Amino acid sequence: TKLKFTLDWRFEGPAAPFLLAKAKGYFAAEGLDVTIDAGAGSAGAFTRVATGAYDMGFTDFNALVEYDAKNPESKLQALYMVYNYTPAAVVTLKKSGITKPADLVGKTLAAPVFDAGRKAFPAFAKSNKFDPASVKWQTVDPAIRETLLAKGEVDGITGFSFTSVLNMEARGVKESDLSVMLYNDYGVELYGNAIIASPKFLAEKPKAVEGFLRAFNKALKESIANPDEAATYVKKQDALVDLALETRRLKMALNSVVVTPEAKANGLGSVTEERMRKSVAETVAAYDLKTTPDAKELFNPAFLPAKAERMVK
Amino acid sequence: MKKLSPKTISRLAPWLLTLFVLVCWEAICRGFSIPTYLMPAPSQIYTTGIELAGPIMEHATHTLLTTLAGFAVAVVVGAVLGMIVGSSPVIYKAVYPMLVGFNSVPKVAFVPVLVVWFGIGTVPAILTAFLISFFPVVVNVAAGLSTLEPELEDVLRSLGASRLDILRKVGLPRSMPFFFASLKVAITLAFVGSVMSETVASNVGVGYLMMSASSSMNMPLVFAGLIVIGIMGVIMYELFARLERRLTGWANRGQNAAH
Amino acid sequence: MKKLSPKTISRLAPWLLTLFVLVCWEAICRGFSIPTYLMPAPSQIYTTGIELAGPIMEHATHTLLTTLAGFAVAVVVGAVLGMIVGSSPVIYKAVYPMLVGFNSVPKVAFVPVLVVWFGIGTVPAILTAFLISFFPVVVNVAAGLSTLEPELEDVLRSLGASRLDILRKVGLPRSMPFFFASLKVAITLAFVGSVMSETVASNVGVGYLMMSASSSMNMPLVFAGLIVIGIMGVIMYELFARLERRLTGWANRGQNAAH
Amino acid sequence: MSFVEFENVSLRYSEGGPKAIEDVSLQIEEGEFVAVVGPSGCGKSTLMKLISGLKPPSEGYVYVNGRQVGGPLSIVGMAFQAANLLPWRTTLENVMLPMEIVEPYRGQLRARRKEFEEMAREQLKRVGLGGFEDKYPWELSGGMQQRASICRALIHKPRLLMLDEPFGALDAFTREELWCMLRDLWQQQPFTVILVTHDLREAVFLADTVYVMSKRPGRILVKRQIDLPRPRELEVTYTDAFSAHVHVLREAIGRVRES
Amino acid sequence: MSFVEFENVSLRYSEGGPKAIEDVSLQIEEGEFVAVVGPSGCGKSTLMKLISGLKPPSEGYVYVNGRQVGGPLSIVGMAFQAANLLPWRTTLENVMLPMEIVEPYRGQLRARRKEFEEMAREQLKRVGLGGFEDKYPWELSGGMQQRASICRALIHKPRLLMLDEPFGALDAFTREELWCMLRDLWQQQPFTVILVTHDLREAVFLADTVYVMSKRPGRILVKRQIDLPRPRELEVTYTDAFSAHVHVLREAIGRVRES
Ligand SMILES: Nc1ncnc2c1ncn2[C@@H]1O[C@H](COP(=O)(O)OP(=O)(O)OP(=O)(O)O)[C@@H](O)[C@H]1O
Ligand SMILES: Nc1ncnc2c1ncn2[C@@H]1O[C@H](COP(=O)(O)OP(=O)(O)OP(=O)(O)O)[C@@H](O)[C@H]1O
Ligand SMILES: [Mg+2]
Ligand SMILES: [Mg+2]
């Protein structure tokens with residue numbers, strides 16, 4: 001079966017499991033002929049799947065919540081929660097004295113308007129009991145937000161933890177000089193990126209979806225076990241990437257948002273009903289959505305591989 | 001029914017065409033039920049546009065001013081550079097490859113650099129608008145000058161006119177049709193440049209508006225932004241077209257003659 | 001020391017200028033110790049470029065082909081549209097505002113739509129290159145035609161030539177200087193368009209390379225990409241310049257004459 | 001009905017502007033050789049434009065070949081007052097132009113190009129331009145351009161040949177040579193010729209009928225039959241009958257100018 | 001040294017090409033009225049370009065006013081063979097052109113514009129173009145354009161007036177009127193005139209010295225002093241002395257052509 005799959009971003013460390021699964025023939029073993037394309041952001045990837053241009057994709061779960069709230073009749077569903085935590089984080093320089101969320105009051109943060117961290121910031125503020133309106137935002141392109149922080153022109157940024165930390169390092173700021181406030185560490189319940197499928201594909205080729213997830217799950221576990229090897233598949237896909245950098249990125253992603261306590265307890269890819277409800281509610285509040293979608297509509301665990309296969313240490 | 005005079009027809013034509021395009025667009029959106037988040041129908045865009053007219057206008061004004069500033073610089077710099085390039089074959093040969101190379105490069109790549117140097121906001125947007133739009137002016141002015149009929153040049157040379165005189169009295173008037181053609185291209189590029197820069201780093205402007213609308217999946221608003229830019233572009237064009245008609249009527253004499 | 005002939009000077013000039021710019025750039029980067037992540041020095045870019053020459057060339061070839069495809073379509077469509085617009089005042093009036101409006105809009109906004117229809121990769125890139133670069137051709141061809149001297153047109157009209165004949169025998173040759181001027185602008189825009197589209201929706205091409213390099217903080221590679229585009233732009237320009245010299249020598253006769 | 005017929009024709013170049021010619025009626029038979037003389041600016045060239053269909057009359061009717069003239073006709077060959085050679089074509093290519101437009105040559109051009117080119121070369125040689133076939137118009141002297149333009153008017157053997165001051169830039173000897181060439185062509189196989197000239201000897205030597213036009217607005221004041229026997233040799237210009245004709249016409253123009 | 005002096009001057013338009021004029025030596029005194037005649041294409045216009053400094057000689061030396069000519073001089077007024085009026089200027093503006101370039105008028109233009117314009121209108125009226133001041137060149141007939149171009153050459157009272165077939169497109173009467181106008185201007189306050197013409201009567205009536213040039217490559221074959229007493233009235237053209245001069249020149253040209 002042919003299957004078109006879109007990533008949320010470019011071929012980088014976190015995309016390793018997908019590329020590994022393809023390169024090692026795990027997809028082929030399920031009878032799938034998978035094409036993996038790079039994306040240019042969660043929103044774009046999301047649209048690609050929503051419009052049926054792509055059969056499946058790897059995108060931000062919260063975008064799905066927002067989309068579903070605005071298009072209640074959509075049958076778009078998440079099937080495998082890859083990032084158990086949202087990678088969103090507030091990053092500041094330690095020397096600026098901002099070390100806890102409350103220190104952000106009255107400060108200026110830089111991020112693109114579509115940044116997941118920026119959009120979910122009200123949830124972060126609420127969990128930490130300060131007024132989200134008390135910070136000022138500076139809208140910038142992803143490419144320069146870290147530059148602005150490094151130059152001290154803004155007090156902090158929001159972004160994916162693993163991306164921003166590495167970007168800051170490239171700008172000569174060591175990880176030890178940064179304070180990284182991962183949302184989930186500060187009381188936010190949001191989920192991160194999930195694998196989603198277009199309604200049409202889901203309805204017509206359920207077997208293919210199941211096979212895809214099975215293959216992916218296998219690859220993900222392998223990646224967790226041996227991230228160094230997994231990262232080489234990124235290099236194979238795109239000769240230009242810096243292998244060391246992507247390996248680090250992959251490891252950071254796996255450690256901070258994939259292999260979480262919850263994932264260790266319940267297995268990779270799954271969600272708990274309780275947290276899911278809270279998470280959706282948080283999103284609805286933070287994004288200022290008019291309706292609250294049904295959590296059961298949003299995540300469909302039916303295609304997940306057996307729990308035993310998904311367990312990690 | 002009265003027959004329409006050719007003048008009325010040509011006055012109505014752009015409106016009719018616009019209407020026609022809008023109707024087709026609406027029909028396609030409805031007919032194929034294209035989802036809103038992909039491509040909203042004009043009616044939806046209109047509703048959203050009216051609803052949010054206030055903020056849209058604010059952002060649009062900002063973008064317009066930025067664009068005009070960048071465009072003005074581009075026209076001046078472009079015309080001067082074009083004159084220099086167009087009147088000396090050696091400079092032409094020397095400068096052109098560099099200019100072409102520079103202009104083949106997407107200007108977005110420079111916006112971060114500009115932002116870091118000039119801070120976020122209007123200055124990088126003006127500079128981007130300038131950088132993106134001066135090239136067509138250079139090319140066309142240079143082309144106009146270098147295709148100047150030597151016979152006309154000789155009229156001035158025979159009077160002992162200086163190179164500057166020749167440029168002013170023959171070169172520039174002769175290049176006007178080229179110059180105005182380039183303005184039409186340049187103004188559209190200036191809009192593209194400033195909007196692009198606004199999407200990269202700004203808290204105001206249509207570029208920002210579109211980014212923020214698209215991040216909250218409000219596609220009708222994104223398209224409303226696009227359409228507002230388009231309309232501003234048309235208005236600017238109309239202004240130049242008037243100026244052009246006054247200044248290059250001589251070159252268009254064939255069109256006006258009653259044949 | 002031998003004195004250089006004017007011909008040698010004008011052959012060396014572009015190289016000297018390029019060298020000069022590179023030296024300045026290097027000096028500025030070192031002098032102000034501008035950080036690499038902001039603006040790498042040419043020497044760094046060179047090192048990176050040589051190191052990764054293989055993959056860069058692969059991506060560049062892809063971009064070049066994409067660009068040329070889009071550009072070719074743009075030239076054909078632009079020239080045809082320009083002819084239609086330039087030879088009828090009514091169509092001119094009707095179509096121009098719409099075209100200007102459309103071109104004031106950043107084409108990036110359409111890339112996602114194109115992706116949905118055509119998938120990511122080459123087709124949207126070609127289309128973007130086309131969409132962004134056909135307008136200058138239209139404008140210039142139309143300007144060339146509408147400023148055609150009626151005297152020359154009359155030569156053909158007096159022979160009972162059809163409108164098409166007049167277009168072919170007088171209109172088009174007369175518009176060649178305008179047309180070539182527009183090609184210079186269009187090819188640079190075509191590069192911008194395809195690269196832009198590649199940054200948004202592709203797994204290959206210089207645009208993809210630049211995005212991927214910039215997300216892994218490899219700024220010298222980003223700039224190497226930019227420079228490769230620039231060089232390709234210059235090469236394309238050089239080709240047109242040759243063609244232009246053959247086809248519009250008559251218009252540039254003043255430049256070649258030994259006065 | 002005559003071959004060319006004017007019925008009370010007037011022409012205004014702009015609506016409400018002054019009349020360039022007024023209330024002109026004339027008949028020209030097929031095969032007639034007509035000369036038109038009159039003071040500078042009286043409307044002779046305008047008359048030519050009306051006959052060839054380049055301009056529609058503001059009032060009255062123009063018939064050529066039994067049909068009302070609604071636009072340019074392909075049976076016409078015209079040498080304009082200014083040579084109007086196309087600058088992007090060599091002399092030979094300029095002369096070949098009618099062959100590319102007018103049937104039946106056009107259809108046979110591909111098959112018989114060599115032959116037609118030979119005809120063109122022959123014609124050029126006859127006006128003294130042998131060896132200049134591959135020169136561009138701006139490489140020719142004024143008189144040479146004029147001669148090339150005469151060749152262009154003749155080459156396709158038009159049924160109606162219109163010459164607007166064709167020999168004005170030529171010295172007396174070359175001029176007389178060309179008179180004889182034209183006379184011979186016409187004598188071999190009569191076609192209709194309308195010749196505008198300021199040289200009364202030329203008019204009398206060549207024409208069957210000479211029309212004298214008044215000052216602006218041009219009207220036909222005198223129509224004079226030249227009854228000198230054919231074929232005429234250059235010697236006829238020294239006869240008294242010839243001088244008498246010239247004298248009468250000269251008187252007539254003198255009166256015209258004073259009125 | 002004479003006012004204008006040629007020392008063995010040759011000119012090739014292209015390197016290695018044929019000579020347009022060959023080994024011409026001549027002296028023209030200040031205040032002399034010189035006419036140049038010769039067959040079409042013999043190099044008369046070329047000679048004019050050499051004197052006015054529009055072209056440098058390939059061999060030999062050209063001196064004007066005691067200095068070697070290195071480029072165009074501002075003491076020259078030139079009427080080209082083609083009228084070469086600037087199409088974006090009205091007739092009056094075209095005539096005013098030298099006032100905007102040549103000192104001392106240029107410096108005084110702002111203060112005395114009214115006065116200068118009055119001069120230009122006056123001059124236009126004298127050549128019969130009163131009432132056409134605000135027309136554009138393409139609204140004038142061929143002869144009218146030529147007359148406007150004569151005005152442009154005269155308006156700034158040049159010390160060296162060069163006229164290249166200035167009356168070729170005029171009828172006999174207008175022509176004679178302009179002869180007289182030119183004669184009167186010259187008589188009032190002599191300046192140097194070089195007149196190219198094909199009309200031998202014109203040459204003899206106006207000039208002190210007539211040069212006859214050979215076929216290409218042009219050489220000076222005959223230099224004839226016209227010793228008719230000044231001031232000359234039109235009646236002089238009917239005298240035998242006059243006819244004798246014309247006859248001799250005619251013979252000379254006849255020989256030239258046969259050689
Ligand atoms: N395109 C035009 N627009 C407006 N007026 C024009 C145009 N062409 C000619 N005229 C006017 O029409 C009149 C007649 O012009 P025309 O060219 O027919 O004269 P002509 O007899 O050919 O003169 P000449 O012997 O000088 O060539 C002139 O007064 C001229 O100003
Ligand atoms: N720009 C040019 N390039 C090349 N050759 C030229 C150029 N101008 C003139 N010639 C050549 O030089 C010769 C003399 O030309 P010129 O114009 O001086 O003749 P002329 O005596 O003025 O003739 P006419 O009486 O026909 O105006 C001609 O053979 C012509 O072909
Ligand atoms: Mg005329
Ligand atoms: Mg000449």
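To find a chain, count down the sequence lines: A is the first, B the second, and so on, and within it residues start at 1. This one's a predicted model, so the numbers in the text were calculated from it and none came from an experiment.
- Contact count against chain E (heavy-atom pairs under 4.5 Å) is highest for D:R250 among D:Q146, D:R250, D:R175.
- Listed in order of number, the residues of residues 33-46 of chain E that approach chain D to under 4.5 Å between heavy atoms are E:G38, E:P39, E:S40, E:G41.
- Options E:A169, E:G142, E:G143 differ in how many heavy-atom pairs under 4.5 Å they form with chain D, and the most are formed by E:A169.
- In terms of non-hydrogen atom pairs under 4.5 Å with chain D, the most contact-rich of E:R147, E:Q145, E:E139 is E:R147.
- Highest contact tally toward chain D, considering only E:D199, E:I253, E:T197, E:L170, is held by E:L170 [criterion: heavy-atom pairs under 4.5 Å].
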